[in-house]
Amino acid sequence: MSSQYLHPESPWLLVLLAGLVALGPLSIDMYLPAMPAMQAALHTDISSMHFTVSAYLIGFSLFHLLCGPLADRYGRKPILLGGTLLFMAACLGCSLSETVEELWLWRFAQGIGACVGPTLARTIARDIFGPTRAARALSIIAMLMALAPAIAPTLGGLMLLVLPWPGIFVFLACYGALMIVLTRRYVPESLPAPQSLHPAAILRNYKELLADPQYLTVTLAGGLTYATMLTYLASSSFVYIDMLGVPVQYYGPIFLTTVLGYMAGSAISAKLSSSRGSESLVLIGSAVSFGAILSMWAASELFPASVLALVLPMTVFTAAMGLILPHAMAVALQPFTHIAATASSLLGFIQMSLSAVASALIGLFLTTTPRPMIIAMVLISFLSLLLARRVYRTACR
């Protein structure tokens with residue numbers, strides 16, 4: 001079968017890249033409605049179930065450190081295909097797990113495999129569209145990618161009505177197989193020039209990135225925004241289903257509101273990318289996101305049994321996140337054309353490490369009320385706002 005790669009200007013290329021990016025959120029979002037049932041089936045507690053999210057994020061974050069250098073040396077496609085194959089195998093391993101410890105192991109492997117999709121899809125976008133058009137391309141990819149997590153929790157909840165929880169992971173394995181077929185046939189190789197894989201060269205590249213204060217600051221700002229969201233995601237099924245009594249089949253529609261917010265924010269992000277600087281959009285988005293979490297705190301204290309007290313502020317927060325993340329990536333990657341995959345990888349490592357720590361810690365304190373989750377989100381989003389302000393000030397000098 002001869003390959004017919006998609007032209008860089010084809011909108012289907014962005015759709016396919018969004019499908020690869022969706023490997024990450026699908027791996028978290030689709031099984032969220034099943035977490036209470038999995039807790040019962042595996043005879044474990046909330047903290048241990050929270051660690052199934054953290055184990056995934058640890059694998060996801062750690063492989064970033066190798067994913068980028070490997071892709072800068074051997075090309076984007078071989079690493080994409082190999083990682084997605086591992087993702088498939090790990091999904092099947094998750095479906096066969098009989099203890100929570102086995103599930104931790106397979107979720108860790110699943111995170112390693114899923115890492116290649118988001119990391120290298122945005123690297124390919126940076127390769128193809130260059131530093132000036134990358135922010136718009138990343139915003140469009142984010143908007144398209146949001147369709148997957150919009151459907152995932154609802155689909156996961158509906159599957160639980162007719163299938164046991166392992167069926168969710170079998171579905172994810174099938175999705176991975178589809179991505180392998182489409183990537184092999186339609187995604188062009190975009191590596192500009194191979195880089196050295198010598199450890200000294202890799203360390204030199206990472207040193208160059210870490211020595212750039214703007215890169216580090218904007219990466220931390222975006223990473224903390226994402227960690228705020230992961231704190232919510234890791235806790236949401238327990239908060240809504242166990243604490244607020246929401247039936248499992250309604251969890252997906254509740255989650256859909258946050259996804260619609262993210263899609264709206266990504267659409268606004270793409271529209272504003274030609275008229276506003278990325279640094280200013282990161283600051284605006286961070287201010288809106290912090291305000292949204294503050295309003296959640298106030299509303300939940302006034303109406304502790306209200307679902308809307310959590311849902312409405314999170315819709316605003318995810319809209320702001322849709323504004324922040326693409327432009328934070330664009331600012332971070334702009335000066336590093338020669339090591340784009342390594343820069344994207346370190347960004348992903350920092351982002352996912354922060355999220356792994358946040359989701360693991362909140363599991364230790366979450367018991368019968370969402371208050372620990374909300375307080376943690378307030379603190380994390382405030383730190384993100386401070387860093388975003390610094391990014392903007394640096395750009396204005």
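The figures here come from the full heavy-atom set of this structure, side chains too, leaving out hydrogens, waters and symmetry mates.
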Item checked: Spacing of T231 atom OG1 and L379 atom CG [to the nearest 0.5 Å] -> 10.5 Å

Notebook entry, point to check: Passes side-chain contact (heavy atoms from CB on, under 4.5 Å), T228 versus F317? Steps please.
Noted result: CA-CA 10 Å; T228 305; F317 173 85; 3.7 Å; yes

Notebook entry, point to check: Is there a donor-acceptor pair closer than 3.5 Å between any side-chain N or O of T318 and the backbone N or O of T315?
Noted result: yes

Notebook entry, point to check: Considering all heavy atoms of both residues, which atom of V100 and which atom of S48 are nearest to each other, and what is their separation?
Noted result: CG2-O, 4.1 Å

Margin query: I need the M49 CE to I46 CD1 distance, nearest 0.5 Å.
Written below: 10.0 Å

Check: Between the side chains of Y31 and T52, is a donor N or O closer than 3.5 angstrom to an acceptor N or O?
Finding: yes

Item checked: Verdict with reasoning, M352 to L62, per side-chain contact (heavy atoms from CB on, under 4.5 Å) -> CA-CA 9 Å; M352 291 302 167; L62 287 176; over 6 Å; no

Next item on the list: Rounded to the nearest 0.5 Å, what's the gap from CG on L209 to CG on L347? Could you check?
Entry: 9.5 Å

Check: Ignoring hydrogens and geometry, is there a side-chain-to-backbone donor-acceptor pair from S306 to F303 under 3.5 Å?
Finding: no

Check: Could you go step by step and tell me if M314 and M229 meet the side-chain contact (heavy atoms from CB on, under 4.5 Å) rule?
Finding: CA-CA 9 Å; M314 276 309 298; M229 181 62 178; 3.6 Å; yes

Note to self: When you measure from the side chain of H50 to the backbone of A234, do you find a donor-acceptor pair of N or O atoms at a distance under 3.5 Å?
What the structure shows: yes

Next item on the list: Look up atom CG in L160 and atom CG in L155, then write down how far apart they are to the nearest 0.5 Å.
Entry: 9.5 Å

Notebook entry, point to check: When hydrophobic residues are tied together by side-chain contacts of less than 4.5 Å, even through go-betweens, does V170 share a cluster with M159?
Noted result: no

Notebook entry, point to check: Do side-chain atoms of S236 reach the backbone of L233 as a donor and acceptor pair under 3.5 angstrom?
Noted result: yes

Item checked: same_hphob_cluster(V259, L323) at 4.5 Å side-chain heavy-atom cutoff -> no

Notebook entry, point to check: Side chains of L103 and C94: closer than 4.5 Å at any heavy-atom pair?
Noted result: yes

Item checked: Under 3.5 Å: donor-acceptor pair, side chain of T225, backbone of A221 -> yes

Item checked: Check: T217 side chain, Q214 main-chain N or O, donor-acceptor pair, under 3.5 Å -> no

Next item on the list: Flag the pair L86 / V116 as yes when at least one side-chain heavy-atom distance between them is below 4.5 Å, and no otherwise.
Entry: no

Next item on the list: Return the orientation label for the Y56 and F60 ring planes: parallel under 30°, perpendicular over 60°, tilted otherwise.
Entry: tilted

Item checked: Point-to-point distance, once rounded to the nearest 0.5 Å, from CG of L310 to CD1 of I254 -> 9.0 Å

Check: Which heavy atom in P118 sits nearest to a heavy atom in C115, and how many Å separate them?
Finding: CD-O, 3.6 Å

Notebook entry, point to check: For the side chain of T257 and the backbone of P253, is there at least one donor-acceptor N/O pair under 3.5 Å apart?
Noted result: no

Note to self: With ring-ring contact (aromatic ring centres under 6.0 Å, His included) as the criterion, how do Y215 and F336 come out once you've worked through the C-alpha distance, each side chain's angles and the decisive distance to 0.1 Å?
What the structure shows: CA-CA 10 Å; Y215 173 88; F336 302 106; 5.6 Å; yes

Next item on the list: To the nearest 0.5 angstrom, please state how far the OH atom of Y392 sits from the CG atom of L281.
Entry: 10.5 Å

Note to self: To check you understand the geometry: which heavy-atom pair defines the closest contact between A71 and L191, and what is its length?
What the structure shows: O-CD1, 3.7 Å

Margin query: Is there a side-chain contact between C67 and I79 in this structure, where contact means two heavy atoms from C-beta onward sitting under 4.5 Å apart?
Written below: yes

Checklist line | Modelled atom types, side-chain donor and acceptor of H327 and S278, under 3.5 Å | finding: yes

Margin query: Testing the 3.5 Å rule here: is there a donor-acceptor pair between the side chains of S381 and S289?
Written below: no

Notebook entry, point to check: Using a distance-only test with no angle check, is there a side-chain donor-acceptor pair under 3.5 angstrom linking Y232 and T258?
Noted result: no

Item checked: Ring-face cation of R107 near F51 (centre distance under 6.0 Å, axis angle within 45°) -> no

Next item on the list: Classify the angle between the aromatic ring planes of F382 and F290 as parallel (below 30°), tilted (30 to 60°) or perpendicular (above 60°).
Entry: tilted

Check: Do any N or O atoms from the side chain of E189 and from the backbone of R76 form a donor-acceptor pair under 3.5 angstrom?
Finding: yes

Check: So do the side chains of L13 and I124 get within less than 4.5 Å of each other, counting heavy atoms only?
Finding: no

Checklist line | Shared hydrophobic cluster, M243 / L32 (ILVMFWY, side-chain heavy atoms < 4.5 Å) | finding: yes

Next item on the list: Might you work through the side-chain contact (heavy atoms from CB on, under 4.5 Å) test for V378 and L294, ending with a clear yes or no?
Entry: CA-CA 6 Å; V378 169; L294 280 181; 4.1 Å; yes

Item checked: V181 with Y186, same ILVMFWY side-chain cluster at under 4.5 Å -> no

Checklist line | Pairwise side-chain contact, W297 with I375, heavy-atom cut-off 4.5 Å (strictly under) | finding: yes

Note to self: Show the nearest heavy-atom pair for residues A332 and V218, with the distance to one decimal.
What the structure shows: CB-CG1, 3.7 Å

Check: Charged N to carboxylate O under 4.0 angstrom, R371 versus E301?
Finding: yes

Notebook entry, point to check: What closest approach, in Å, do P36 and S237 show between heavy atoms, and which atom pair accounts for it?
Noted result: CD-OG, 4.0 Å

Notebook entry, point to check: Taking C-beta and beyond as the side chain, do D72 and I339 meet within less than 4.5 Å on heavy atoms?
Noted result: yes

Checklist line | Validation row: L172, M88 side chains within 4.5 angstrom (heavy atoms) | finding: no

Margin query: Tell me if a side-chain donor or acceptor on E102 pairs with a main-chain N or O of E98 at a distance below 3.5 Å.
Written below: yes

Note to self: Please check this pair: side chain of S345 against backbone of G68, looking for a donor-acceptor N/O pair closer than 3.5 Å.
What the structure shows: yes

Check: Got L20 and L120 here, is their nearest side-chain heavy-atom distance under 4.5 Å?
Finding: no

Next item on the list: Verify the distance criterion only: is there a donor paired with an acceptor across the side chains of S359 and S54 at less than 3.5 Å?
Entry: yes

Notebook entry, point to check: Going hydrophobic residue to hydrophobic residue with side-chain gaps under 4.5 angstrom, can you get from Y74 over to L65?
Noted result: yes

Note to self: Restricting to non-hydrogen atoms, name the atom on S295 and the atom on A292 that form the minimum distance, rounded to 0.1 Å.
What the structure shows: OG-O, 2.6 Å

